[in-house]
Each structure stands twice: as C-alpha cells, then as structure tokens.
Number of protein chains: 2
Amino acid sequence: MTSQNNPGRVTEKAAETRSRILNVALDLFRRKGFEQATLREIAAEAGVSLGNAYYYFDSKEALVMAFYSRASDEMAPLIENALAEAKGFEKRVTAILSVKFEYFGPNRAFLGALLRHGADPQNPLSPFGEETRHIRERDMEYFAKALELSRIDVPKDLARCLPKLLWLYQMGLILFWIYDHSDGQQRTAQLRDKSLGLMATALKLAGFPLLRPLRKKLIELVRIAEGEQADA
Amino acid sequence: MTSQNNPGRVTEKAAETRSRILNVALDLFRRKGFEQATLREIAAEAGVSLGNAYYYFDSKEALVMAFYSRASDEMAPLIENALAEAKGFEKRVTAILSVKFEYFGPNRAFLGALLRHGADPQNPLSPFGEETRHIRERDMEYFAKALELSRIDVPKDLARCLPKLLWLYQMGLILFWIYDHSDGQQRTAQLRDKSLGLMATALKLAGFPLLRPLRKKLIELVRIAEGEQADA
DNA sequence: GTCTATATCGGGATAGAC
DNA sequence: GTCTATCCCGATATAGAC
C-alpha cells in the first residue's frame, strides 16, 4: 500500500513531496491540458524521478482524484459560509454552485478531461462510482441544507429525494458549463438562473392535487434509480 | 486522404479488408475491453500489418467512430419498422429505445469506454460534438416521428423542442443502462417504462393554464441551451 | 491504391536496486 | 522513498512489393 492511502502516517518530507508533485501536475494540466502534460515533465518540474512520482500517485488519473479530494475539502468551508449568508432557496443553491464554478473556473479546460470517465462505471474517476461516493454524499448534504434552511414546503415523499435530484441537476449544469464557450460562461449562469426559477415554480406547485400523479411517478422513478445505486 | 473518407471509391477487396479489421476490433473490444485490446493484436488477428490497420483507421478511436456509424446505419431500418408497428406515444418511444438497447446489448461492457469522452467537447467521440452531429440529428428525427405519429397534442412552443428533450432523455437512460448491473438490465427497463409514463402524464397536463408558467420557463431553458449548441 | 515489414518515438506504467 | 532501466503500446515514418 502506497503512501497516498495513508496520509496520517507520512513523514513531513513525504507529505511535502507529494504535495509538490500534485501542485506541479495541476499547474501543467491547466497550462497544457490533461493529455499534453506528461508525467515525465511533471516529475522533472517537481524535481523527482518518474518512478518516484508513481510512488506517490498510482496513475496519472490518481492525480485527478487527488485534485477532486482537495477541491472538495477546500470548498467545504466556502460553501458553508455561502450557505449561511444567502437567503432563500434559489439564492442558496446559486451560492453553492457559484463556489464550485469559481473554484473550478481556472481548471475548466481540463475539467472535461477529468469528467470524461463519467460514463465508465469501472473507472475510479466516475462521478457516480464508489471511489467518489464520499465527495458525492458531501455535495448532497449541501443541497439538503439549502432546502432545510429555506423551509421548502413540499410533500414529504418528494422532499426526501430532492437532494439527490439537485445533485444530478448540478452534474448536468457542470457538463453544460464544460461545453459552454460563451464569454465568461455567461450562458451557464443564465441556464442556472432560469432552471432554478423553474424548479422553484415546480416546487410551489408540487402540492397541487392536479400534480399528484406526476409527483408520485417522479418519486417512483427515483426509487428505481436509487435501488440501482445501492448495489452499485 | 485515406480510404475511409472515400467509401464510394474503394475496391471490393479494400472494403472487405476494412470491414474485417473493424469486425476483429469490435470482437476484441467486447472480449477484452477497449483499453486492453491492442492495435497490434487487432491487426494480427485480422491478418494485416499494423501499418495497414492504420491505413484504414486513423486511430484506435476511429474504430469506435466507425462502429457508431455502422450501428446508426444498421439500426435505421429496424427503428423505422419498429416505429411503423408500434401504436401510441409510449409504445413508439419504447420501440426506438428497445432497438438501441438490443443492438448495443452485446457491447454494453465496452460502451462505457466508448462514451467516456462524453464530457470532453474536444473529443470527436463526444455524443454532443460536431463529428457525431449526423447521428444525433437522425436520432432526433425518430423521436419527432414518434411524436408526430402519436398525434401528441401539446402547445406548439413545447412541441418544437420535444425531440431534443427526448434525445437528451435517451442519453440519460443509456448512461443509466451502462451502470445497470441488474439481471438483463431490467432496472433500466423499469426506469424506461416509469419515466415514459411520467412523460405521457406531463404531456397531457402541459396544456393546463396552471402549468403555463412552468412550460414557458422550460421552453426558455431549452432556448438558452440551444443557443449554446448553435455556436458549438 | 493496397499492403508488408520494420524502425522509431513518445509516454504511461512497472521492477527492482539502493 | 528514491532512483534507473525497462516494457508496452499508440502512433508515425519509411521503403518497397504488387
């Protein structure tokens, strides 16, 4: 078992080396893209041998996983703050999403390369996979909190699965954002605002008797999808 | 310009060789996965030199693109038939999806690897990209036809963007299917049935005045997203 | 135009010595 | 923990047979 699985036990020097490699890697990913950046270059720029880089990171993609992890940790307090300050459902969700988009902004060009394994269940980097479960659940917690703080009043059955749906919504928006080459990705911001408005409207209407069959079907849908994830 | 860009001019023998390479490649992809199958092995098993394999296919991924193309062509008549025989909106859409799932079934294990570039706009294999536009538009046509045949009666503004939404829905379902390891991917079938039921219900309700603001917002949403695709 | 053979390169990944 | 050496494979290049 290599040291990246044992971060509590490592020596100061090891942690320093590991961190240096990761920093150089991310910098090169940003500057040249994921494919173009080579591990030889990363190792050289970090002042270690190629073999040593592999001692710390099992693969090139492990560097990406480490980036995910670090990002999740660093964004946590930012999101907590943003959540505390924002008022209302739409504002709160916007706050969460804004932290993410700002954090990932400089990495947008290579985020696509990161997420490209989204459709591959075997891949550790898949946002739906087992290895990313921790990050995913943390994200859902934010949305649960936003709903809770906003005292969103929807039928209980629906309320239960809203965090999951919001997380899925977030993934869709990030996907759009990666493809968005409008100035400053303003189109994504528009899409976010409009879709959140749509959602708020839908949530207000969710209690209407007319929509009951629709709601029941949606919940049944989520139940099936969840069953799938459970034994994934 | 290599022969794959000039399929009308090739000799019988050339077409045979090209096809043989593609068949062997797909077989190996299925048996060993995309990564594990090597071009050297593909060439050897097809009885051609490595250089010759590259003569017909610019890259390993070009083999995948060729598979997409062939799949789209081979499924076209099947889908037309299925559409002609099925009655009602849900049955028709189910028919389209069933043809796809059956066709892709044997390749499910490596479809994930194929679609793994879905989130990378630079990649030719992206289902949202320029190189796959032809296939994508053909797919949307099927959904347009299913809607038309079923005389689905929804406000015109909504009707206009339904094929696009159904295509997106299809992509989501395929993604779920790739992750679905229930017996015979029955969960995907359940999800398909339930979600189509949900959609049918939603379409029936779409004309209600109560839902007008919701509908308008949805259409505005699609408009923004489309604008994005236009200059993509 | 179709095909073989072979050499070469770049880069991810690994083995094993220290 | 760190290194050097090596392997494997995708991709390219070249020279030539038919």
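These numbers come from a predicted model, not from an experiment. In what follows, every chain begins at residue 1, and chains take the letters A, B, ... in the order their sequences are listed.
Distance from the side chain of A:Thr11 is smallest to D:dG1 among D:dT2, D:dG1, C:dA5. The side chain of A:Tyr54 sits closest to C:dA13 out of D:dG10, C:dA5, C:dA13. Side-chain atoms of B:Tyr56 lie closest to C:dT2 of the nucleotides D:dT12, D:dT2, C:dT2. For A:Ser49, the side-chain atoms get nearest to D:dT4 when compared with the rest of C:dA13, D:dT4, D:dA11. With distances taken from any side-chain atom of B:Lys60 to the nucleotides D:dG1, C:dC3, D:dG10, the minimum falls on D:dG10. Relative to the side chain of A:Asn52, the nucleotides D:dG10, C:dT4, D:dG1 differ in distance, and D:dG1 lies closest.
Atoms CZ (B:Phe34) and P (D:dC9) sit 14 Å apart, rounded to a whole Å. One interatomic measurement links the two molecules: CG of A:Asp58 to P of D:dG1, which rounds to 14 Å at whole-angstrom precision. With rounding to whole Å, A:Glu35 atom CD is found 14 Å from D:dA11 atom C1'. Atom CD1 of B:Ile21 and atom C1' of C:dT2 are 11 Å apart (whole Å). One atom, CG of B:Leu50, and another, P of D:dC8, lie 16 Å apart when rounded to the nearest Å. The CZ atom of A:Phe57 sits 18 Å away from the C1' atom of C:dT14 (whole-angstrom rounding). Put simply, OH on B:Tyr55 is 17 Å from P on C:dA5, counting in whole angstrom units. B:Glu12 has its CD atom 18 Å from the P atom of C:dG1, to the nearest Å.
At a cut-off of 3.5 angstrom, the base of C:dG10 holds no donor-acceptor pair with the side chain of A:Arg40.
Closest non-hydrogen pair, A:Ala66 versus A:Arg18, comes out as CB-NH2, 4.1 Å.
Among the protein residues, B:Ala37 comes within range of the sugar-phosphate backbone only, with heavy atoms under 4.0 Å from sugar or phosphate atoms but none that close to a base. Residue-level contact check: B:Thr38 touches the backbone only, with heavy atoms under 4.0 Å from sugar-phosphate atoms and none from bases.
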Validation: residues 39-48 of chain B side-chain donor-acceptor distances under 3.5 Å, sequence neighbours left out:
| residue | atom | partner | partner atom | Å |
| --- | --- | --- | --- | --- |
| B:Glu41 | OE1 | B:Lys32 | NZ | 2.9 |
| B:Glu41 | OE2 | B:Lys32 | NZ | 3.0 |

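The shortest distance between the side-chain N/O atoms of B:Lys13 and the OP1/OP2 oxygens of C:dG1 is not below 4.0 Å. For the pair B:Thr17 and C:dC3, the criterion of a side-chain N or O lying under 4.0 Å from OP1 or OP2 is met.
To the nearest 0.5 Å, atom CD of residue A:Glu137 and atom NZ of residue A:Lys164 are 8.0 Å apart.
Checked against the 6.0 Å centroid criterion, the rings of A:Phe67 and A:Phe34 do not qualify as a close aromatic pair.
Taking the charged nitrogens against the carboxylate oxygens, B:Arg223 and B:Glu220 do have a contact shorter than 4.0 Å, which makes a salt bridge.
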